[in-house]
Amino acid sequence: MKIAVIHGPNLNMTGIRQVDIYGTTTFSDITAQIDGLAETLQIALTQFQSNHEGKIIDYLQACHRDGVDGIVINPGAFTHYSHAIGDAVASMEIPVVEVHLSNIHAREEFRQKSVIAPYCIGQISGFGAESYIMAIHYLVNHRRK
């Protein structure tokens, strides 16, 4: 099984910026935790982070071409306005799970709407790095059924 994890803008600063919202767990800690889970589950997993909308779209399209079995995406702020990323996700023939470290539904009004979630099989938010772990477990279990 091949899973791709996509981290959107500013996630590389996790653990440094707005620790009152995102916590002190660093981006390196999160990616290491995800890699450790992939090793435990014996799945092929790649991680990609970009602060650029077009690069995220290019990566999504590459996942589609390369036969990835599932995608976990944290679109960061693009969640709320990137119809281009939403269109790329909508074109996927593979399951995509949207994740967020914070509970976007308990934050500012503009953060409560996702233009990407309607094209995903689900959304997990508010559990910090565990949001990614839950999404990966779901994709693995969904694939095996």
Side-chain angles (χ1 to χ4, degrees), residues 1-35 37-38 41 43 45-145:
M1 177 167 206
K2 292 169 36 176
I3 293 179
V5 177
I6 302 171
H7 308 274
N10 296 310
L11 286 157
N12 57 313
M13 299 298 290
T14 303
I16 299 167
R17 72 177 184 102
Q18 295 177 284
V19 295
D20 55 319
I21 296 171
Y22 302 109
T24 57
T25 303
T26 67
F27 182 67
S28 293
D29 293 337
I30 292 170
T31 58
Q33 188 177 0
I34 292 168
D35 286 340
L37 177 63
L41 295 175
I43 58 172
L45 185 140
T46 58
Q47 296 192 65
F48 174 78
Q49 190 278 325
S50 181
N51 296 317
H52 305 280
E53 183 179 36
K55 289 185 179 186
I56 292 171
I57 293 166
D58 290 343
Y59 193 78
L60 282 163
Q61 292 173 355
C63 288
H64 190 256
R65 283 190 308 272
D66 295 344
V68 169
D69 299 304
I71 297 172
V72 175
I73 185 168
N74 183 339
F78 290 138
T79 300
H80 318 294
Y81 64 87
S82 180
H83 294 280
I85 291 175
D87 287 347
V89 171
S91 73
M92 299 284 111
E93 295 175 0
I94 55 178
V96 178
V97 178
E98 180 182 315
V99 302
H100 297 282
L101 298 172
S102 67
N103 180 357
I104 64 170
H105 304 288
R107 296 194 54 198
E108 304 94 330
E109 186 176 343
F110 79 93
R111 292 188 195 275
Q112 295 176 13
K113 171 127 174 80
S114 170
V115 298
I116 296 165
Y119 309 109
C120 296
I121 60 171
Q123 180 193 76
I124 301 168
S125 68
F127 297 99
E130 190 68 22
S131 295
Y132 289 99
I133 302 305
M134 288 185 224
I136 293 165
H137 275 292
Y138 176 81
L139 289 171
V140 168
N141 292 331
H142 176 76
R143 172 80 173 180
R144 292 183 178 158
K145 289 184 180 181

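Here the structure is a predicted model, which means the values were calculated and not measured.
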Check: Can Tyr132 and Leu101 be said to form a side-chain contact (heavy atoms from CB on, under 4.5 Å), step by step?
Finding: CA-CA 8 Å; Tyr132 289 99; Leu101 298 172; 3.8 Å; yes

Nearest atoms (heavy-atom pairs only) where [X] meets [Y]:
X: Ile56; Y: Ser50; value: CD1-O, 3.7 Å
X: Pro9; Y: Ala77; value: CG-N, 4.2 Å
X: Cys120; Y: Val96; value: CB-O, 3.2 Å
X: Val140; Y: Met1; value: CA-SD, 3.8 Å
X: Ile116; Y: Ser82; value: CG1-O, 4.2 Å

Notebook entry, point to check: How would you list all residue pairs meeting side chain to side chain donor-acceptor pair (under 3.5 Å) that involve residues 13-25, not counting sequence neighbours?
Noted result: Tyr22-Arg107

For [X], all residues meeting side chain to side chain contact (heavy atoms under 4.5 Å, CB included), sequence neighbours excluded:
X: Tyr119; result: Val89, Ala90
X: Ser91; result: none
X: Thr31; result: His7, Phe27, Gln47
X: Tyr138; result: Val97, Ile121, His142

Note to self: Determine whether a donor-acceptor pair (N or O, by modelled atom type, separation under 3.5 Å) exists between the side chain of Ser131 and the backbone of Gly128.
What the structure shows: yes

Next item on the list: Mark yes or no for whether Asn51, through its side chain, and Asn10, through its backbone, hold a donor-acceptor pair below 3.5 Å.
Entry: yes

Can you measure from [atom1] ([X]) to [atom2] ([Y]) and round to the nearest 0.5 angstrom?
X: Ile133; Y: Ile34; atom1: CD1; atom2: CD1; value: 5.5 Å
X: Ile3; Y: Leu41; atom1: CD1; atom2: CG; value: 7.5 Å
X: Glu130; Y: His137; atom1: CD; atom2: NE2; value: 7.5 Å

Measure the shortest side-chain to side-chain distance between [X] and [Y] over non-hydrogen atoms and say whether it is less than 4.5 angstrom.
X: Val68; Y: Thr46; value: no
X: Ile16; Y: Thr26; value: no
X: His100; Y: Pro75; value: yes
X: Leu45; Y: Leu37; value: no
X: Asp29; Y: Gln33; value: no
X: Val99; Y: Met134; value: no
X: Ile104; Y: Gln123; value: yes
X: Leu11; Y: Ile30; value: no

Next item on the list: Show your working on side-chain contact (heavy atoms from CB on, under 4.5 Å) between Ile71 and His64 and close with a plain yes or no.
Entry: CA-CA 10 Å; Ile71 297 172; His64 190 256; over 6 Å; no

Note to self: Working note: Ile43 + Leu139, criterion side-chain contact (heavy atoms from CB on, under 4.5 Å); need CA distance, chi angles, decisive distance, verdict.
What the structure shows: CA-CA 11 Å; Ile43 58 172; Leu139 289 171; over 6 Å; no

Next item on the list: May I have all residue pairs that pass salt bridge (Lys or Arg N to Asp or Glu O under 4.0 Å) and include part of residues 86-106, sequence neighbours excluded?
Entry: none

Next item on the list: Would you list the pairs meeting salt bridge (Lys or Arg N to Asp or Glu O under 4.0 Å) in which at least one residue belongs to residues 56-84, sequence neighbours left out?
Entry: Asp69-Arg143

Item checked: ring-ring contact (aromatic ring centres under 6.0 Å, His included) involving Tyr81 - partner list, sequence neighbours excluded -> Phe78

Item checked: Within 6.0 Å of CZ in Phe127, more than 12 heavy atoms from elsewhere -> no

